[in-house]
Enquirer: 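To start, I am sharing the structure in question, which I have written as structure tokens.
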Amino acid sequence: MKRALPPLNALRTFEAAGRLGSFKDAAAALHVTSGAVSQQVRLLEAWLGAPLFERRNRSVTLTQAARAYLDEVTPLFEQLSQATARFGMPAASARALCVNAPATFTLRWLVPRLAQFRAAHPGLTVRVETSNEPIDSLKDKPDIVIRGGPDTFYGYAMRPFLAEERVPVCSPSLLQRRALQKPDDLRQHTLLHTSSLPRLWPDWLSRAEIADLKPDADLTFDHFDLTLQAAIDGIGVAMGPTALVSDDLAAGRLVAPFAGPRLPSRSYCAYVPDEKAGDDAVGLFRAWLERQGRQA
């Protein structure tokens, strides 16, 4: 039976443009001109009978239908790359990729998911560095820097991939020992703090309209991951970032006892040096981060 396949070069061009979010970056990655990218995208749009991008003065944005199409097309190209690598041909992404990210984010969100990326891209080695240094203070430029945002740094392209809020969290065993049905019940509990984030509890208590609340005790740690671990161990109640405690909530190691309020927080963003924007390996990892973020 004849397969109804679109023009594969046009499909490859669409995938690069959609994944990188730019015709210019796609042109650099494919070693063609921006005009050639536009031509191939128009060819695919004509074949599909529907627009793929919303075109503005200096940018292009995937349509909703095209975003869903891209989410299915990208893994197919990844599978093709893997099959080629297994066959013995050199994969385009066969090199080390340096990712710099905060330690708590790396431990609680990135590391548990890295096995999926490595399984999908066996030819690509990922080296993870942990740091909270400001991007413009980094001595060497990693391929991808993960930090809060959105912020603007000269020489870097930024894309958010994971939204986050902060809510009180605690161990289920703590609730068995002492009730926590409404925010005012925190008076009977130990509040867990992180020295580098001193405003989390005051800001949340203010939103809960109990700014003058005095807990049974306060306990402060010098590292955020220690604060979360203390909550898991049933020592007290911590302000948990939803992205970083999602696995603990799903596994039942932590619970969020209140429906609200939820404290706004910055998103996690991928910052890529301009000179690496067209790198296929960088594009693969950034697209994977965005898919993981949408699934969170």
Side-chain angles (χ1 to χ4, degrees), residues 19-21 25 29 74-75 78 81-82 85 91-151 153 155-164 194 196-197 221-229 232 240-248 250-251 253 265-296:
R19 170 167 49 83
L20 298 172
D25 291 346
T74 296
E78 293 172 2
S81 175
Q82 295 165 36
S93 59
R95 71 168 186 80
L97 181 72
C98 180
V99 179
N100 184 293
T104 301
F105 171 85
T106 300
L107 182 63
R108 292 197 166 271
W109 194 90
L110 184 58
V111 168
R113 292 163 174 78
L114 266 182
Q116 300 174 34
F117 182 82
R118 294 186 62 199
H121 305 282
L124 180 57
T125 300
V126 180
R127 187 176 79 252
V128 179
E129 302 173 346
T130 59
S131 169
N132 288 311
E133 267 191 272
I135 289 178
D136 47 13
S137 297
L138 294 173
K139 294 179 181 178
D140 299 315
K141 282 189 176 182
D143 295 302
I144 294 178
V145 183
I146 297 173
R147 292 290 188 275
D151 290 325
F153 294 95
Y156 285 84
M158 179 278 301
R159 294 243 292 264
F161 66 89
L162 182 63
E164 183 170 79
T194 307
S196 60
L197 298 164
F221 297 88
D222 64 353
H223 197 287
F224 195 46
D225 190 57
L226 296 177
T227 306
L228 294 178
Q229 188 59 49
I232 292 172
T242 52
L244 303 193
V245 299
S246 60
D247 291 346
D248 297 305
R253 292 185 291 269
S265 183
R266 286 153 63 81
S267 297
Y268 284 99
C269 302
Y271 297 87
V272 175
D274 288 344
E275 61 269 24
K276 299 181 180 181
D279 187 295
D280 283 349
V282 170
L284 285 172
F285 195 84
R286 185 166 60 178
W288 174 78
L289 285 174
E290 292 172 359
R291 288 197 301 277
Q292 292 294 316
R294 289 196 295 273
Q295 294 169 11

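Throughout, residue positions are numbered sequentially from 1 according to the sequence presented.
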Enquirer: Side chains of V245 and P241, heavy atoms from C-beta outward: is any pair under 4.5 Å?
Expert: yes
Enquirer: Parallel under 30°, tilted from 30 to 60°, perpendicular over 60°: which one fits the rings of F105 and W109?
Expert: parallel
Enquirer: Mind checking whether C269 and R147 have side chains closer than 4.5 Å, heavy atoms only?
Expert: no
Enquirer: Rounded to the nearest 0.5 Å, what's the gap from CZ on F153 to CD1 on I135? Could you check?
Expert: 4.5 Å
Enquirer: Report yes if the side chains of R266 and D151 come closer than 4.5 Å at any heavy-atom pair, otherwise no.
Expert: yes
Enquirer: Verify salt bridge (charged side-chain N to carboxylate O under 4.0 Å, His left out) between D279 and R286, making sure each step is shown before the conclusion.
Expert: CA-CA 11 Å; D279 187 295; R286 185 166 60 178; over 6 Å; no
Enquirer: Is the Y268 ring parallel, tilted or perpendicular to the F161 ring (thresholds 30°, 60°)?
Expert: tilted
Enquirer: Contact between T227 and L197 at the side-chain level, heavy atoms closer than 4.5 Å - yes or no?
Expert: no
Enquirer: Are the side chain of D143 and the backbone N or O of V99 linked by a donor-acceptor pair below 3.5 Å?
Expert: no
Enquirer: Give me the atom names and distance for the closest heavy-atom approach of S131 to L138.
Expert: OG-CD2, 4.2 Å
Enquirer: How many angstroms lie between CZ in F117 and CG in L110, if you round to the nearest 0.5 Å?
Expert: 10.0 Å
Enquirer: For T74 and R291, which heavy atoms make the closest approach, and how far apart are they?
Expert: CG2-NH1, 3.5 Å
Enquirer: Does L284 reach the side chain of L97, with side-chain heavy atoms less than 4.5 Å apart?
Expert: no
Enquirer: Testing the basics here: between L124 and A281, what is the closest heavy-atom pair and its distance to 0.1 Å?
Expert: CD1-CB, 3.9 Å
Enquirer: Using a 6.0 Å cut-off, check whether atom CG of D140 has over 12 heavy atoms from anything other than its own residue.
Expert: no
Enquirer: Looking only at heavy atoms, which two atoms of G21 and R159 are closest? And how far apart?
Expert: N-NH1, 3.7 Å
Enquirer: Looking only at heavy atoms, what is the nearest atom pair of S246 and A243, with distance?
Expert: OG-O, 3.1 Å
Enquirer: Is any side-chain heavy atom of E164 less than 4.5 Å from a side-chain heavy atom of L244?
Expert: yes
Enquirer: Roughly how far apart are R118 CZ and T125 OG1, rounded to 0.5 Å?
Expert: 7.5 Å
Enquirer: Taking K276's backbone N and O only, do any of them form a donor-acceptor pair with K141's side chain (distance below 3.5 Å, no angle check)?
Expert: no
Enquirer: Could you give the distance from CG (L228) to CZ (R108), rounded to the nearest 0.5 Å?
Expert: 5.0 Å
Enquirer: Just so I know, are the side chains of D247 and R253 near enough to count as touching, which here means a heavy-atom distance under 4.5 Å?
Expert: yes
Enquirer: Is there side-chain contact between F285 and H121, with at least one heavy-atom pair below 4.5 Å?
Expert: no
Enquirer: Roughly how far apart are Q229 CD and T104 OG1, rounded to 0.5 Å?
Expert: 11.5 Å
Enquirer: Go through it in stages, so that I can follow the logic: the residues are T106 and T130, the test is side chain to side chain donor-acceptor pair (under 3.5 Å), and I'd like the CA-CA distance, side-chain angles, deciding distance and then a yes or no.
Expert: CA-CA 7 Å; T106 300; T130 59; over 6 Å; no
Enquirer: If you measure from CG on N100 to CD1 on I144, what distance do you get to the nearest 0.5 Å?
Expert: 11.0 Å
